[in-house]
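A short worksheet on the structure shown next.
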Amino acid sequence: IGEMTAARANGDWNRVVTVGLRALRVKPLSGPNRATLLILIATVALRAQQPRAAGGALRQALSCSRHPRLRLQVFAKMAKVAAALGHRDELAEWARKLSIAATRVNLPGDELSARSELAQAFAMIGETARARRLAMAVRAEAVGLGLSIVARECDEILKKRTITLRPVHLSRHALRAVS
């Protein structure tokens, strides 16, 4: 997981995918570790404009762990998958699940990050007013807690009328692996 996180921080998306898939195939992993790897791979798949592949990885992650922090991340990312696919009803369902999961997580940073992703999903699907309201609320809390990354994410939503995922380009091998 550490190598994948470092690759992600450096923007080496191909490495995130290849290292993650290799770890999933080779090492026996605990449920939460397996779910974490799948979430990281799904994040890359979303950025590579492969929402169906991301959704598949996230569904696998849900089956691996019932840990509330992981489920909160999965629900936020599944909301973005639904938005990328234009599925408003599914987005609403993932938003509901995220709200329930947030009551079980006692880490404001995780909750605010997930809510920021939910605001991004609403913006992606064109629910601009809802996205802006959520982003303003999340931003206020994030600034109060010194969570500058989350505050910046919210600023992006508040500055733009629509949000699209910034695409990343993967090698053929990594794209095949994600699919």
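Throughout, residue positions are numbered sequentially from 1 according to the sequence presented.
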Find the distance between [atom1] ([X]) and [atom2] ([Y]) and round it off to the nearest 0.5 Å.
| X | Y | atom1 | atom2 | answer |
| --- | --- | --- | --- | --- |
| Arg133 | Glu127 | CZ | CD | 9.0 Å |
| Cys154 | Lys159 | SG | NZ | 12.0 Å |
| Glu117 | Leu46 | CD | CG | 8.5 Å |
| Gln120 | Lys80 | CD | NZ | 4.0 Å |
| Arg96 | Glu93 | CZ | CD | 4.0 Å |
| Leu24 | Leu29 | CG | CG | 6.5 Å |

Please check if Val105 and Leu145 belong to a single hydrophobic cluster, counting links between Ile, Leu, Val, Met, Phe, Trp and Tyr side chain heavy atoms closer than 4.5 Å.
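Linked within one cluster.
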Output yes when a side-chain donor or acceptor of [X] lies under 3.5 Å from a complementary backbone atom of [Y], and no otherwise.
| X | Y | result |
| --- | --- | --- |
| Ser116 | Leu112 | no |
| Ser113 | Asp110 | no |
| Ser99 | Ala95 | yes |
| Arg22 | Thr18 | no |

So which atom in [X] and which in [Y] form the shortest heavy-atom distance, rounded to 0.1 Å?
| X | Y | value |
| --- | --- | --- |
| Ala61 | Val74 | CB-CG2, 4.0 Å |
| Ala135 | Ala119 | N-CB, 4.1 Å |
| Ala82 | Ile125 | O-CD1, 4.4 Å |
| Ala151 | Ala142 | N-CB, 4.0 Å |
| Leu40 | Val16 | O-CG1, 4.2 Å |
| Pro51 | Val81 | O-CG1, 3.5 Å |

Is it the case that atom CZ in Arg52 sees more than 12 heavy atoms from other parts of the structure closer than 6.0 Å?
no
Please say whether more than 12 non-hydrogen atoms of neighbouring residues, nucleotides or ligands are located less than 6.0 Å from CG in Leu107.
yes
Within the structure provided, determine whether Leu91 and Leu118 are in side-chain contact (heavy-atom separation under 4.5 Å).
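Heavy-atom side-chain distance check passes, below 4.5 Å.
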Testing Met78, Arg71, Lys77, Gln73 for side-chain contact (heavy atoms from CB on, under 4.5 Å) with Phe75, which one passes?
Arg71
Working for side chain to side chain contact (heavy atoms under 4.5 Å, CB included), residues Arg69 and Leu72:
CA-CA 5 Å; Arg69 284 179 69 192; Leu72 189 66; 5.7 Å; no
Apply side chain to side chain contact (heavy atoms under 4.5 Å, CB included) to residues Ile41 and Val44 and explain how you reach the verdict.
CA-CA 5 Å; Ile41 291 168; Val44 175; 5.8 Å; no
What's the verdict on side chain to side chain contact (heavy atoms under 4.5 Å, CB included) for Leu134 and Ile157, showing C-alpha distance, side-chain angles and the deciding distance?
CA-CA 10 Å; Leu134 183 55; Ile157 294 166; over 6 Å; no
